[in-house]
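Model, not experiment: these values are computed from the prediction.
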Amino acid sequence: SKEMIQAKVLLHNEYLLLQTLKNLENVENNYDFCIDLIPNEKSKTPTKRFTLVLDAYSDKSCENWLNISEVNHYISLQEYISKNKLNERDATSIFYEIVKIVERIHKLNVCHRDLKIQNFLINYKTKKIMLTNFCLGVVCSDNQLLSDQRGSPAYISPELLQGSYNGKMSDVWTLGVVFFILIYQNFPFVDSTTAALFKKICQCELSFPDGNVRISEETKKLIKKFQF
């Protein structure tokens with residue numbers, strides 16, 4: 001099927017990118033890309049299954065990813081901030097680690113193109129951050145322009161929506177969205193329809209929520225520097 005072919009392409013793409021990033025600190029490791037055979041209930045002929053073997057930092061089969069044991073202390077960063085409201089200092093500290101990871105992959109000319117809270121894991125004890133899910137990533141140079149739209153709607157950059165875009169700069173825009181979420185636990189741009197959301201993103205009219213979250217002007221300026 002078309003969906004199966006697309007899934008195979010994404011798995012193979014992630015495999016190739018993780019080979020490029022092999023043993024890079026704070027990035028999940030890839031161990032193998034293999035094909036095995038599984039029984040087919042409708043046919044006597046076994047079905048081929050493509051498998052990408054990665055680090056098992058977190059049990060994604062769990063309903064909320066929260067599966068901490070003596071061996072594994074990693075959970076989704078989204079899950080973590082939903083259970084632990086971050087103050088400005090803690091959010092900035094986590095964001096600093098995230099920026100360093102993205103800087104490392106960019107130095108190897110890899111753009112992630114789907115940087116979002118769900119694709120980062122955090123060690124519940126050490127607060128170490130891991131970046132996962134490279135299936136939408138691409139290898140590109142500093143000045144290379146891309147045209148295919150990739151990413152999650154609330155994180156997409158204006159340049160990506162307008163056509164050609166720089167992969168690394170688009171990742172940088174997304175970092176600003178991630179920082180905003182760490183601080184406010186909400187997206188910087190929200191609307192009821194995708195079309196209206198994309199219009200807000202293209203207009204780049206950022207406003208900071210009023211309420212119980214008190215943030216310094218320095219942090220607000222830093223958020224705005226990420227292309228807002």
Yes or no on side chain to side chain contact (heavy atoms under 4.5 Å, CB included) for F120 and L115, after CA distance, side-chain angles and deciding distance?
CA-CA 8 Å; F120 290 97; L115 296 172; 3.9 Å; yes

Stepwise side chain to side chain contact (heavy atoms under 4.5 Å, CB included) check, I105 with H112
CA-CA 8 Å; I105 69 171; H112 190 279; 4.1 Å; yes

Audit row: K85, D90, salt bridge (Lys or Arg N to Asp or Glu O under 4.0 Å) steps and yes/no:
CA-CA 9 Å; K85 188 170 180 59; D90 290 340; over 6 Å; no

Test side chain to side chain contact (heavy atoms under 4.5 Å, CB included) on L197 and V190 and set out the steps.
CA-CA 6 Å; L197 171 64; V190 179; 5.6 Å; no

Checking side chain to side chain contact (heavy atoms under 4.5 Å, CB included) for the pair Q185/I81: CA distance, chi angles, key distance, verdict?
CA-CA 7 Å; Q185 295 192 329; I81 66 173; 3.9 Å; yes

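Linking ILVMFWY residues whenever their side-chain heavy atoms come closer than 4.5 Å, directly or via other members, leaves Y96 and L175 in distinct clusters. Linking Ile, Leu, Val, Met, Phe, Trp and Tyr residues whenever their side-chain heavy atoms come within less than 4.5 Å places V139 and L24 in a single cluster. Side-chain heavy atoms closer than 4.5 Å link hydrophobic residues (I, L, V, M, F, W, Y) into clusters, and following such links, possibly through other members, connects L108 to I101. Residues V178 and L222 are members of one and the same hydrophobic cluster, defined by side-chain heavy-atom contacts under 4.5 angstrom among Ile, Leu, Val, Met, Phe, Trp and Tyr.
N109 and K168 share a side-chain donor-acceptor pair at under 3.5 Å. Side-chain atoms of T219 and E88 include a donor-acceptor pair closer than 3.5 Å. Side-chain N/O atoms of Y165 and R150 include no donor and acceptor closer than 3.5 Å.
Although no hydrogens or angles enter the test, the distance criterion places a donor-acceptor pair under 3.5 Å between the side chain of Q144 and the main chain of S141. Between the side chain of T193 and the backbone N or O of A196, at least one donor-acceptor pair lies under 3.5 Å. Between the S76 side chain and the Q78 main chain, a donor and an acceptor come within less than 3.5 Å of each other. Side-chain N or O atoms of E14 include one that pairs as donor or acceptor with a backbone N or O of F134 at under 3.5 Å.
Atom NE2 of H106 is separated from atom CG of D171 by 3.5 Å, given to the nearest 0.5 angstrom. From T132, atom OG1 reaches atom CG of D114 across 9.5 Å, with rounding to the nearest 0.5 Å. Annotation: the span from E217 atom CD to K224 atom NZ amounts to 7.5 Å, rounded to 0.5 Å. Atom-to-atom distance recorded for L77:CG and L182:CG is 5.5 Å, nearest 0.5 angstrom. Remark: L146 CG to C140 SG distance equals 5.0 Å, nearest 0.5 Å. Here CG of L160 is found 11.5 Å from CH2 of W173. Values are rounded to the nearest 0.5 Å.
At a threshold of 4.5 Å between non-hydrogen side-chain atoms, the residues C135 and N133 count as touching. Residues C202 and F189 fail the side-chain proximity criterion, which asks for heavy atoms closer than 4.5 Å. A heavy-atom distance below 4.5 Å is found between the side chains of K127 and I122. Side-chain contact between I183 and F95 is absent, with no heavy-atom pair separated by less than 4.5 Å. In this structure, D148 and R113 have side chains that are in contact, with non-hydrogen atoms separated by less than 4.5 Å. Between N26 and I98, every side-chain heavy-atom pair lies at or beyond the 4.5 Å cut-off. Between Y74 and M130 the shortest side-chain heavy-atom distance falls below 4.5 Å. With contacts defined as side-chain heavy-atom distances shorter than 4.5 Å, the pair C111/S170 does not qualify.
Salt-bridge check for D142 with K107: failed, with every basic side-chain N at 4.0 Å or more from each acidic carboxylate O. Salt-bridge check for K221 with E218: failed, with every basic side-chain N at 4.0 Å or more from each acidic carboxylate O.
K199 NZ: 12 or fewer foreign heavy atoms inside a 6.0 Å radius. Atom CG of N84 is surrounded by more than 12 heavy atoms from other residues, nucleotides or ligands within 6.0 Å.
Here Y80 and Y124 bring their ring centres to under 6.0 angstrom of each other.
Shown here for I223 and L206, the closest heavy-atom pair between the two residues is CG2-CD2, 4.1 Å. In terms of heavy atoms, L10 sits closest to L136 at CD2-CD2, 3.8 Å. Nearest heavy-atom pair, L18 versus V27, reported as atom, atom and distance to 0.1 Å: CD2-CG1, 4.1 Å. In plain terms, the two heavy atoms of P209 and F180 that are nearest each other are CD-CZ, 3.8 Å. Summarising the geometry of F198 relative to P153, their closest heavy-atom pair is CE2-O, 3.7 Å, with the distance given to 0.1 Å. Considering all non-hydrogen atoms of both residues, V172 and F226 come closest at O-CD2, 3.3 Å.
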